[in-house]
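A short worksheet on the structure shown next.
Reckoned from all heavy atoms, side chains included, excluding hydrogens, waters and symmetry mates. A quick note: this is a predicted structure, and the numbers were derived from the prediction, not measured. Lettering of chains follows the sequences in order, A, B, ..., and the numbering in each one begins at 1.
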Amino acid sequence: MESSFLIDMTKCNGCRGCQVACKQWNQNQADKTKISPKFTNPVKLNAKTYTNIDFFESEKDGHLSRNFARNGCFHCKKPSCVSACPVAALFKTKEGPVIYRAERCIGCRYCMLACPFNIPKFEWESISPRIQKCTFCHERILDNKIPACAKTCPSGTIHFGDSIENNLKEARRRLSENPGRYFNHIYGERRCGSSRSDLEIHLRHPGHHRRSTGCRHRQLDYHAQEQKYARGG
Amino acid sequence: MTPAQDKIKLFTPVTLGLLIVIIAGALAVYKKLTLGEITTNLQDDFPWGLWIGFNVLGGVAMAAGGFVIASAVYLLNMKKYKPIARPAILTAFIGYLLAAFTIFLDIGHPMRIWHPMVMWQIRSVMFIVAIHVILYTTVLGLESSPMLLEKLKLGGLKKIIEKLMVPIALFGTLLSVLHQSSLGAVYLIVPDKLHSLWYSQTLPFSFLVSAVMMGLCMVSFVSILSSKFFNHSANMGIFSGLARGSIITIAFYLILKIYLLLTGPGAAAAFTGSMESMMYLLEMSVGVVIPLILLLLPGIRNSIGGIFLVDILVIGGVVINRMNIAVFGLLKHAGERGVRYFPTGNEIMVTLFLIAFGAVLFKLAVKYLNVLSYEEA
Ligand code: SF4
Ligand code: SF4
């Protein structure tokens, strides 16, 4: 794949333009949300929200610093969701994006269980429910266009247009030149329970490690706190 | 109809109770089909719940008695068990029908349940499971068809099927072994999510062994129960034979589970006092350790009542095991993502509906078909 993402979250300013652009392009409705202590909004991905920016706080030189991480499908090289699906409704395109053919889906939701990142979401309220997740703007890619989120991003966080190999090289360079700036891991390069990503390389803020435990999902206890708050606890 | 069958009353208080559950449950089914998944408490971070754990995994494990007895009678020619072949196969058939119905209900697009048959994705465990459910339910239908055919006076067809019984049973055994283990394989894909007390690479094998264990007890359970309810004399030789089979399988399963515990999360994990460790201990004591000790006591092993008690324990224990894998073992992961799961009233009602439905179906079959009086026929 010639065009993949290098997402450097230390450049993110939390404008959530990508979230909005994603909703606009996919014509997804807005969520009813309320403010949460960490300002992540919506708190979690859902059938109408394919990507969101995780807000979290860390301490830097005795000061509070607000940092960000991005959630969404990694478009794994060997996607668990695709190998789970009994009818090949989810499949990996030759361009790289993992996309979904609604007319095949039986709604068994095995893909949701299988994805190590809990990315596929289900339209629970619908009587004719579909699985929903990021498509890497596959139709835009086929049209030689940039994915909506990358097109919108004003801070250069989402870099699009290089091959995954080049992006990996660049990510390694940034990590080695600026070790203090990043959490020392290239997200999407390798991951337990799932293969590396074909399309997305993420670099994260050092404060991120508080919430990532080895190969478990990157949001763990953080979400628990948010949800507790959302429930009024 | 034999005199024993004549004596079976159609409307007993128990049956009336079951009918009430069926009517209430039918409403719950209707609600699910018209309103969709919203009638369940399933959510994005907890996509499978009570139905998959209890009805599908439990129902299919319960049905394992069918292939065990069918292969004993038709393949190994153990004539002694012929009298219970029909109840065993019928129980399995009902179990599979209920599991298949639950899948139909659980999926988001019930009307597309046939898709796996034409849209193959052979690397998917779920595809394998779907195909097995379809094929094995057909096999069980064929295996139980002589009961119906002799009622319909279709002797010719019955003869043909009975001639084919050995290959059918062979095919059924093959499918069943694969299906029981592939249900365990469904969970191989969630190493990060399923609690380490249950997750292991050998899940398919432990599913198979525990299913055989439960299947034997289920056959013995329904046979004892029906002989009590339907005034049918029980043949002690058969039951102690089944109990001997149970001892061997349970002991083997116990060793397997201990080995998995020691090589996996370590023995201490079972005694941390967490919800998972309690569920694990419950499952192991109710379904494995206590039944094994009981069966080793000659007083229990040689009495119908004792065997009946053991059957209930093992069935309960394996159902808890399936629930642990499908629900309790995943709750921690879901909790970390801020999600709690408890089935809605509607979900529980559907499960009760299916249990009641299965029981009534069995009773009707026993009354109108030659299920239990086969030995005299
Ligand atoms: S992140 Fe999840 S949904 Fe996306 S390709 Fe990988 S397994 Fe599939
Ligand atoms: S819910 Fe649909 S897309 Fe997901 S595994 Fe089942 S059939 Fe495939």
Given B/Leu42, B/Leu33, B/Ile38, the one with more heavy-atom pairs under 4.5 angstrom with chain A than any other is B/Leu42
When you look at [atom1] of [X], are more than 12 heavy atoms from neighbouring residues, nucleotides or ligands closer to it than 6.0 Å?
| X | atom1 | result |
| --- | --- | --- |
| A/Lys23 | NZ | yes |
| B/Ile122 | CD1 | no |
| B/Phe127 | CZ | yes |
| B/Phe357 | CZ | no |
| B/Met275 | CE | yes |
| A/Gln27 | CD | no |
| B/Phe104 | CZ | yes |

Can any side-chain N or O of [X] pair as donor or acceptor with the backbone N or O of [Y] at less than 3.5 Å?
| X | Y | value |
| --- | --- | --- |
| A/Arg109 | B/Pro47 | yes |
| B/Glu37 | A/Ile127 | no |
| A/Tyr110 | B/Val186 | yes |
| B/Lys193 | A/Pro116 | no |

Taking all heavy atoms of [X] and all of [Y], pick out the closest pair and write down the distance.
| X | Y | result |
| --- | --- | --- |
| B/Ser124 | A/Ala84 | OG-O, 2.5 Å |
| B/Gly108 | A/Pro129 | O-CD, 3.5 Å |
| A/Cys85 | B/Gln121 | O-NE2, 2.7 Å |
| A/Leu113 | B/Val190 | O-CG1, 3.1 Å |

How long is the straight-line distance from [atom2] of [Y] back to [atom1] of [X], given to the nearest 0.5 Å?
| X | Y | atom1 | atom2 | value |
| --- | --- | --- | --- | --- |
| A/Trp124 | B/Gln43 | CH2 | CD | 8.0 Å |
| B/Met119 | A/Arg101 | CE | CZ | 9.0 Å |
| B/Ile189 | A/Cys111 | CD1 | SG | 10.0 Å |
| B/Asp192 | A/Cys115 | CG | SG | 10.0 Å |
| B/Asp44 | A/Lys44 | CG | NZ | 7.5 Å |
| B/Phe46 | A/Asn118 | CZ | CG | 11.5 Å |

So for [X], is it side chain, backbone, both, or neither that comes closer than 4.5 Å to the heavy atoms of chain A?
| X | answer |
| --- | --- |
| B/Thr39 | neither |
| B/Ala334 | neither |
| B/Val129 | neither |

A/Ile106 vs B/Trp114, side-chain contact (heavy atoms from CB on, under 4.5 Å): CA-CA, chis, key distance, verdict: CA-CA 9 Å; A/Ile106 58 171; B/Trp114 51 273; over 6 Å; no
Residue from A/Ser83, A/Ala89, A/Ala88 scoring the most non-hydrogen pairs under 4.5 Å with chain B is A/Ser83
Among B/Arg112, B/Met126, B/His115, find the residue that satisfies the side chain to side chain contact (heavy atoms under 4.5 Å, CB included) test when tested with A/Val87. B/His115
For A/Gln132, is it the side chain, the backbone, both or neither that has a heavy atom under 4.5 Å from a heavy atom of chain B? neither
